[in-house]
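To start, the structure itself, in structure tokens.
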Amino acid sequence: GENVEQHPSTLSVQEGDSAVIKCTYSDSASNYFPWYKQELGKGPQLIIDIRSNVGEKKDQRIAVTLNKTAKHFSLHITETQPEDSAVYFCAGGGTSYGKLTFGQGTILTVHP
Amino acid sequence: SAVISQKPSRDICQRGTSLTIQCQVDSQVTMMFWYRQQPGQSLTLIATANQGSEATYESGFVIDKFPISRPNLTFSTLTVSNMSPEDSSIYLCSTRDGYTFGSGTRLTVV
């Protein structure tokens with residue numbers, strides 16, 4: 001089955017800096033890679049996703065890149081704000097079975 | 001993307017009892033997924049629920065412990081049976097339609 005590794009486990013940045021979180025996956029058949037933000041006491045919120053036929057996708061301050069050959073994808077947050085502080089999860093999967101495998105999570109702290 | 005409502009949002013239960021969690025979707029979806037998130041951990045898939053067939057369980061999860069119902073294309077339930085403190089977790093449902101999540105059920109077993 002799919003295995004997703006996520007790094008780093010914690011990330012601390014100053015407000016206005018950029019933050020990058022990286023994930024690798026094992027199953028070359030995986031074709032869908034979402035990123036979730038989870039705030040304390042809440043369910044995961046889908047913030048951006050990318051499919052295997054696309055190399056990069058942007059949405060305002062958030063971007064995701066995918067390297068199918070190397071089987072890794074990354075989340076980039078620019079101009080970070082304190083409200084970006086949360087746990088971020090990557091996931092991979094989406095084949096015909098539809099299920100996702102999650103990375104271990106990254107605790108992002110943005111200091112004012 | 002589907003909007004998911006989950007009930008209850010939290011509960012405290014006695015060991016040995018069972019709790020049924022409900023997941024309602026605002027549109028018809030083929031696949032629904034049930035996840036467990038243990039304290040401070042990532043999400044682990046429990047099972048996939050398709051309407052009209054038995055749920056498919058992941059390794060380490062069994063139907064006797066986590067029976068699932070999927071009576072129609074907008075609703076599913078997950079029961080956590082014969083609970084122990086180790087079952088204290090957040091339980092989440094999701095769908096293949098947009099891969100959004102409900103707000104989760106925070107379960108504490110005492």
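Letters A, B, ... are given to chains in the order of the sequence lines, protein chains preceding strands, and every chain is numbered from 1.
Side-chain contact annotation: B:Gln51 with B:Gln28, donor-acceptor N/O pair under 3.5 Å absent. Judged by distance alone, the side chains of A:Ser26 and A:Glu2 do bring a donor and an acceptor atom under 3.5 Å apart. B:Thr77 and B:Ser69 share a donor-acceptor pair across their side chains, judged by distance under 3.5 Å alone. Side chains of A:Ser18 and A:His76: a donor-acceptor N/O pair is absent below 3.5 angstrom, by distance only.
Annotation: side chain of B:Ile46 is not in contact with side chain of B:Glu58 (no heavy-atom distance under 4.5 Å).
The most heavy-atom pairs under 4.5 Å with chain A, out of B:Gln6, B:Arg106, B:Gln37, come from B:Gln37. Here A:Gly103 is the residue among A:Gly103, A:Gly1, A:Pro34, A:Gly105 with the most heavy-atom pairs under 4.5 Å with chain B.
Heavy-atom distances place no part of A:Gln45 under 4.5 Å from chain B, backbone and side chain included. Interface remark: B:Phe33 contributes side-chain atoms only to the contact with chain A (heavy atom separation under 4.5 Å). When heavy atoms are compared at a cutoff of 4.5 Å, B:Leu43 approaches chain A by way of both its backbone and its side chain. Neither the backbone nor the side chain of A:Ile107 comes within less than 4.5 Å of any heavy atom in chain B. At a 4.5 Å heavy-atom cutoff, the contact between B:Gln41 and chain A is made by backbone atoms alone.
Classification of B:Arg15 and B:Asp87 as a salt-bridged pair fails, no side-chain N sitting under 4.0 Å from a carboxylate O.
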